Amino acid sequence: MKRCLCRWLRACTVAGSALLLIYLTVLQDNGLMAALSYGSQPLSDENRDSNKGFRKLLEEDALSSERVNSSNLAQRLPQCIIIGARKSGTRALIKFLELHPQILSASDEMHFFSNDTNYKLGLDWYRRKMPWSRPDQITIEKTPKYFISEISPARIHRMNSSTKLVVILRHPTTRVVSDYTQICANKQARNESVDPFESLALERDTGHVNLEYRAIQISMYHQHLARWLELFPRDQLHIVDGGNLIVNPIVEIAKVETFLGLEHQVKNESIYFNSTRGFYCMRAAKGRPERCLGANKGRKHVKISEKMIHKLNRFFRPHNERLYKLIGRRFSWR
Ligand SMILES: Nc1ncnc2c1ncn2[C@@H]1O[C@H](COP(=O)(O)OS(=O)(=O)O)[C@@H](OP(=O)(O)O)[C@H]1O
């Protein structure tokens with residue numbers, strides 16, 4: 001009886017090993033082994049792109065590793081991402097949206113899709129940075145760097161091609177000055193010298209607008225948006241008017257609520273105009289103190305000459321026209 005059991009166990013082990021071998025060979029043929037090794041040994045972008053099976057699996061893997069806790073909450077990949085643009089009101093936008101009971105946001109800018117080191121940590125790492133949410137809630141992340149990052153559109157599309165995108169745009173010249181003001185403030189805090197605006201914004205030899213200056217590049221909105229619209233349909237991208245968000249936040253938030261398919265729950269009563277700050281702030285509510293954005297938002301802009309401002313406005317005009325054509329909508333930027 002004992003000998004019989006031993007023989008039976010040995011036969012099972014041999015058969016099991018053979019089956020495992022066949023299974024692994026099939027997986028390898030289908031390119032799925034690559035996917036299984038994801039996380040421990042990240043693949044290069046090239047390999048990922050050449051492996052269609054991997055893409056699909058990456059999505060499925062991401063969905064299947066959603067772990068629901070005992071209160072029926074899970075950390076979900078964002079269904080909506082605020083992709084930028086830097087210094088256009090991205091922080092105010094996400095903070096106002098958080099007033100909606102069905103919207104939750106990651107606590108920080110994740111720089112996941114735009115930063116190779118972070119991206120290699122994998123979708124599960126990214127998911128674990130997300131807040132715990134109910135199935136009826138929407139998770140949002142904002143990283144303004146995504147807007148100008150060449151690789152981010154493809155990576156977000158690969159995560160989930162139905163991700164909703166929100167971009168907030170502000171008058172391009174005002175955005176450049178805000179950007180410069182921020183760089184100056186950061187440099188001054190580190191006791192570093194600051195280059196005069198003109199020396200950055202204009203070419204030294206010709207006096208033309210300097211296309212190499214990053215702040216100028218960011219404000220040529222159509223160039224960046226074109227990349228996103230190559231992959232995402234126009235109706236999956238909502239554009240917030242950054243100028244209007246400052247003066248009419250509820251109007252802009254209501255449009256985002258509609259875009260996300262949510263009821264309008266962020267109301268005038270939730271915010272108030274703080275005349276000391278010169279901006280709208282959030283009223284205290286259940287479990288949440290009254291709150292304005294930090295002092296690094298709404299800084300007094302560095303004074304730039306009228307002549308320089310006119311030159312920049314003139315420079316951006318044709319770029320704005322290209323933007324309007326691309327998005328099928330105009331802004332009243334002069
Ligand atoms: N309610 C409220 N409170 C404070 N600030 C507000 C608000 N609404 C919009 N803004 C504008 O947001 C600008 C900063 O944009 P971002 O948050 O995108 O900046 S960042 O890229 O994340 O650093 C910031 O730009 P600057 O005024 O140039 O500092 C603000 O004008």
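Source: prediction; values computed, not measured.
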[X] [atom1] to [Y] [atom2] distance, which is reported to the nearest 0.5 Å:
{"X": "Lys255", "Y": "Leu245", "atom1": "NZ", "atom2": "CG", "result": "10.5 Å"}
{"X": "Leu104", "Y": "Ser133", "atom1": "CG", "atom2": "OG", "result": "6.0 Å"}
{"X": "Ile216", "Y": "Leu202", "atom1": "CD1", "atom2": "CG", "result": "8.0 Å"}
{"X": "Gln137", "Y": "Gln79", "atom1": "CD", "atom2": "CD", "result": "10.0 Å"}

Between Lys145 and Ser114, does any side-chain donor sit less than 3.5 Å from a side-chain acceptor?
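No, Ser114 and Lys145 have no side-chain donor paired with an acceptor closer than 3.5 Å.
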
Distance alone, cut at 3.5 Å: any donor-acceptor contact between the side chains of Thr163 and His157?
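His157 and Thr163 do not have a side-chain donor-acceptor pair below 3.5 Å.
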
Would you call [X]-[Y] a salt bridge at under 4.0 Å N-O?
{"X": "Asp179", "Y": "Arg175", "result": "yes"}
{"X": "Glu98", "Y": "Lys95", "result": "yes"}
{"X": "Arg190", "Y": "Glu192", "result": "yes"}
{"X": "Arg330", "Y": "Glu321", "result": "yes"}

Taking the side chain as everything from C-beta on, heavy atoms only, tell me whether [X] gets closer than 4.5 Å to [Y].
{"X": "Ile304", "Y": "Thr173", "result": "no"}
{"X": "Val240", "Y": "Leu93", "result": "yes"}
{"X": "Ile103", "Y": "Val266", "result": "no"}
{"X": "His171", "Y": "Asn313", "result": "yes"}
{"X": "Ser152", "Y": "Trp228", "result": "yes"}
{"X": "Pro153", "Y": "Glu230", "result": "no"}
{"X": "Met220", "Y": "Leu211", "result": "yes"}

When Phe113 is tested against each of Ile81, Thr143, Ile83 for side-chain contact (heavy atoms from CB on, under 4.5 Å), which residue passes?
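With Phe113 as partner, side-chain contact (heavy atoms from CB on, under 4.5 Å) holds for just one option, Ile81.
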
After noting the C-alpha distance and the side-chain angles of Phe112 and Tyr119, does the key distance pass the ring pair (Phe, Tyr, Trp, His ring centres under 6.0 Å) rule?
CA-CA 5 Å; Phe112 178 66; Tyr119 190 67; 5.2 Å; yes

Could you walk me through whether Arg86 and Phe147 pass the side chain to side chain contact (heavy atoms under 4.5 Å, CB included) test, one step at a time?
CA-CA 8 Å; Arg86 174 184 152 89; Phe147 182 58; over 6 Å; no

Show your reasoning for whether side chain to side chain contact (heavy atoms under 4.5 Å, CB included) applies to Arg234 and Ile327.
CA-CA 7 Å; Arg234 176 66 184 86; Ile327 62 175; 3.8 Å; yes

For residues Ile168 and Phe259: do they belong to one hydrophobic cluster (side chain heavy atoms under 4.5 Å, members Ile, Leu, Val, Met, Phe, Trp, Tyr)?
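Yes, one cluster joins them.
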
Think Lys297 forms a cation-pi with Phe279, using NZ or CZ under 6.0 Å from the six-ring centre and within 45 degrees of its axis?
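No, a cation-pi geometry is absent between Lys297 and Phe279.
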
Return the minimal non-hydrogen interatomic distance between Tyr126 and Leu77, and the atom names on each side.
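Shortest heavy-atom separation between Tyr126 and Leu77 comes out as CD2-CD2, 3.6 Å.
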
Kindly give the heavy-atom pair with the smallest separation between Cys184 and Val194, and that separation in Å.
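Closest approach of Cys184 to Val194, heavy atoms only: SG-CG1, 3.2 Å.
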
Taking atom CZ of Arg214 as the centre, does the number of heavy atoms from other residues, nucleotides or ligands within less than 6.0 Å exceed 12?
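Atom CZ in Arg214 is not packed in, count stays at 12 or less.
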
Would you call the rings of His319 and Phe316 parallel, tilted or perpendicular, where under 30° means parallel and over 60° means perpendicular?
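It falls in the perpendicular class, over 60°.
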
May I ask you to decide if the ring planes of Tyr180 and Phe197 are parallel, tilted or perpendicular, using 30° and 60° as cut-offs?
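Ring orientation of Tyr180 relative to Phe197: perpendicular.
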
Please determine which of His224, His111, Glu141, Arg155 meets the side-chain hydrogen bond (donor to acceptor under 3.5 Å, both in side chains) test together with Tyr146.
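Only match with Tyr146 under side-chain hydrogen bond (donor to acceptor under 3.5 Å, both in side chains): Glu141.
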
Within the side chain of Glu109, is there an N or O that forms a donor-acceptor pair under 3.5 Å with the backbone of Pro144?
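A pair under 3.5 Å: no.
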
Which is it for Ile253 and Leu99 under the side chain to side chain contact (heavy atoms under 4.5 Å, CB included) test, yes or no, and what are the steps along the way?
CA-CA 10 Å; Ile253 296 300; Leu99 296 173; over 6 Å; no

Worked verdict on Arg91 versus Asn296 for side chain to side chain contact (heavy atoms under 4.5 Å, CB included)
CA-CA 11 Å; Arg91 175 66 59 196; Asn296 57 348; over 6 Å; no

